[in-house]
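Have a look at the structure below before the remarks.
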Amino acid sequence: MREPITRRTLLRGTAGGVAAVAVGSPATAGAGAGPAPRLVRELEEKIRAGMAAYGIPGVAYGLYHRGREYVGGFGVTDVSAPEPVDGDTLFRIASTTKTFTGTAVMRLVERGRLDLDRTVRSYLPGFRTADETASRRVTLRQVLNHSAGWLGDSFVDTGAGDDALARYVAAMAGLPQLTEPGRVFAYNNAAIGVAGRILEVATGRVYEDALRSLVLDPLSLRQSAFTPQDVPGARVAVPHGFDLEGNVVAVPEALAIPRSLHSFGGLFSSARDQMRWARFHLGDGGPLLTRRSLRAMRWRPGPPGMLFVEVDGAGVTWMLRPSAEGPRIVQHGGDLGGQHSGFLFVPERDFALTLLTNSEGGPQLVSELFADDWAVSRFAGLHNLPARPRVLPPAELAPYEGRYLGQQVGVDGSVASLELELVGAGGRLSARLGGREALVLPFYRRDRVLVWTPDGADTYSRGDFVRDPDGAVGWFRFGGRLYRRHPLGTASALRVTPAVLVPGTLPYPRSTTPG
């Protein structure tokens with residue numbers, strides 16, 4: 001699950017490195033006998049180097065390449081009570097849970113019990129957000145491809161009862177509509193909560209039971225569950241953060257999240273189970289879906305946009321990322337406090353990769369492997385779309401300057417807002433928080449920017465500007481979220497306020513270390 005940008009997480013990424021944490025002896029498991037191939041060893045070396053550089057106590061990975069599977073682990077589960085991490089260690093996979101929800105929906109679509117192009121109200125007659133027209137029109141497909149259009153980051157805790165998801169969806173009645181349904185890609189946690197509630201209504205079972213019967217049990221994903229207690233004998237990776245001196249400290253309480261968020265961020269899983277998940281989606285759909293339904297999850301993407309790099313749009317919960325060579329990279333990942341992961345596969349190359357980390361330093365390493373093209377270039381021969389930074393004159397930067405404001409709803413229902421000021425400087429945009437430069441944004445195409453730290457370091461992330469129907473710059477899209485533009489010198493109805501949030505961060509770009 002990915003939360004939007006916060007002052008703490010944005011500024012942390014510009015403050016320099018962190019103290020490296022001591023890790024245990026690496027434990028690596030490969031497929032078959034004999035030494036691991038050179039490329040696999042290079043991947044493991046990069047993981048170990050990232051752990052030392054970014055303060056990550058434990059990492060598990062899974063790789064499928066050239067018909068062989070490799071699963072391994074490095075470091076420890078908990079610096080205060082160390083146990084070795086391996087391919088069977090449980091991590092919370094956060095937003096990759098969304099792909100399980102989408103697959104469960106496709107099972108019911110194939111059975112004729114759901115239709116992607118029917119409205120949400122066909123299944124939830126009382127559904128509404130703050131915009132009645134959008135509430136009436138939005139479809140199940142738009143919910144699943146992140147084009148529903150309402151404010152997506154709502155993390156309201158509605159209790160631990162079996163009605164938690166129903167109450168969460170009812171609490172969406174006040175969420176503002178940012179764009180009309182189907183027009184703009186904007187990452188939307190709350191929309192996948194709606195999909196989870198539709199699963200409950202369609203099956204007559206609570207979301208967790210529906211997912212287990214529709215997906216987890218048929219695929220024998222025995223190391224994937226919503227509580228570690230459901231995996232007997234499991235070793236759990238404890239989340240870690242940093243104290244004021246930069247030391248790595250365990251934060252076990254960060255494992256807990258509200259039940260209302262399960263459908264878009266609640267699963268625990270292991271690298272071994274994540275490889276089983278990848279092999280299923282690389283296969284022919286059996287035993288859950290027909291080949292046609294499986295591939296339909298990657299057809300008809302919604303509107304194109306930007307998450308960390310360009311996306312052609314989202315299919316049924318999968319992000320469809322273009323490559324310079326043509327084949328699409330199918331991707332997701334997840335971020336919660338001290339639990340950051342990446343997941344991707346390339347059907348045309350029969351390749352998959354997952355990485356699970358247990359530290360607030362994790363986004364930096366995940367970024368290097370899943371936003372940059374280090375991994376896909378070596379294992380699949382693919383590269384990101386080219387992006388050569390440009391220096392623009394002030395007149396070309398002026399239409400983008402402004403105060404950009406975003407919002408999210410915390411666990412207690414309070415609304416938080418954040419203001420990011422973009423001003424032209426040195427032929428690029430300078431992104432400032434509280435008057436302090438936090439990011440540098442050089443353009444590489446019209447409306448599209450790279451994201452650098454103030455010292456010019458690449459964060460392996462990109463952002464873009466979304467125009468209103470009249471053609472004016474209306475939004476800055478960063479980490480998949482929309483931030484509304486207000487021209488410099490104008491007032492805004494939003495106040496910059498804190499809120500009680502799920503412990504978490506931005507998605508994995510290095511400088512922003514949130515979905």
Side-chain angles (χ1 to χ4, degrees), residues 1-3 8-9 12 18-27 47-48 50-62 71-97 223-259 261-262 265-274 333-343 354-366 411 501-505 508 513-514:
M1 183 178 54
R2 300 189 176 110
E3 292 182 33
R8 175 182 63 86
T9 55
R12 187 187 64 216
V18 297
V21 62
V23 298
S25 300
I47 291 171
R48 286 193 291 263
M51 292 172 69
Y54 304 132
I56 309 172
V59 171
Y61 84 93
V71 176
F74 304 89
V76 298
T77 58
D78 184 344
V79 294
S80 61
E83 292 186 275
V85 170
D86 60 23
D88 299 309
T89 301
L90 297 190
F91 294 74
R92 200 187 281 279
I93 63 170
S95 275
T96 306
T97 304
Q223 295 173 336
S224 299
F226 289 96
T227 66
Q229 292 74 24
D230 291 334
V231 185
R235 184 181 297 142
V236 180
V238 172
H240 292 77
F242 302 100
D243 65 17
L244 294 177
E245 287 73 45
N247 301 307
V248 178
V249 293
V251 191
E253 59 269 26
L255 279 177
I257 68 168
R259 185 178 181 182
L261 315 187
H262 278 184
L267 265 182
F268 288 86
S269 191
S270 67
R272 198 174 308 280
D273 259 15
Q274 288 290 279
D335 296 87
L336 278 167
Q339 300 270 286
H340 303 276
S341 60
F343 185 100
T354 191
L355 186 86
L356 307 168
T357 74
N358 68 344
S359 168
E360 284 295 88
Q364 286 92 324
L365 179 56
V366 177
V411 294
L501 302 173
V502 176
T505 57
Y508 25 79
T513 353

When you compare the side chain of [Y] with that of [X], does any pair of heavy atoms fall below 4.5 Å?
X    : Y    : value
S359 : F242 : yes
V248 : E360 : no
Q274 : T96  : yes
I93  : F268 : no
F74  : I56  : no

Taking all non-hydrogen atoms of both residues into account, name the closest pair between [X] and [Y] and its distance.
X    : Y    : answer
P82  : V76  : CB-CG1, 3.7 Å
A271 : G62  : CB-N, 4.2 Å
T97  : G265 : OG1-C, 3.7 Å
V79  : A250 : CG2-N, 4.0 Å

Roughly how far, to the nearest 0.5 Å, is the [atom2] atom of [Y] from the [atom1] atom of [X]?
X    : Y    : atom1 : atom2 : value
R235 : T89  : CZ    : OG1   : 5.5 Å
Q364 : H340 : CD    : NE2   : 8.5 Å
F91  : L355 : CZ    : CG    : 8.5 Å
S224 : D230 : OG    : CG    : 11.5 Å

[X] side chain to [Y] main-chain N or O, any donor-acceptor pair under 3.5 Å?
X    : Y    : value
N358 : T77  : yes
Q339 : A237 : yes
R92  : L255 : yes

### Task
Report the C-alpha separation of L90 and Q223 in whole Å, then their side-chain angles, then the decisive distance to 0.1 Å, and conclude whether the side chain to side chain contact (heavy atoms under 4.5 Å, CB included) test is met.
CA-CA 7 Å; L90 297 190; Q223 295 173 336; 4.1 Å; yes

### Passing candidate, side chain to side chain contact (heavy atoms under 4.5 Å, CB included) with Y61, options T354, T357, I47
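Going through the options one by one, the only one that passes is I47.
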
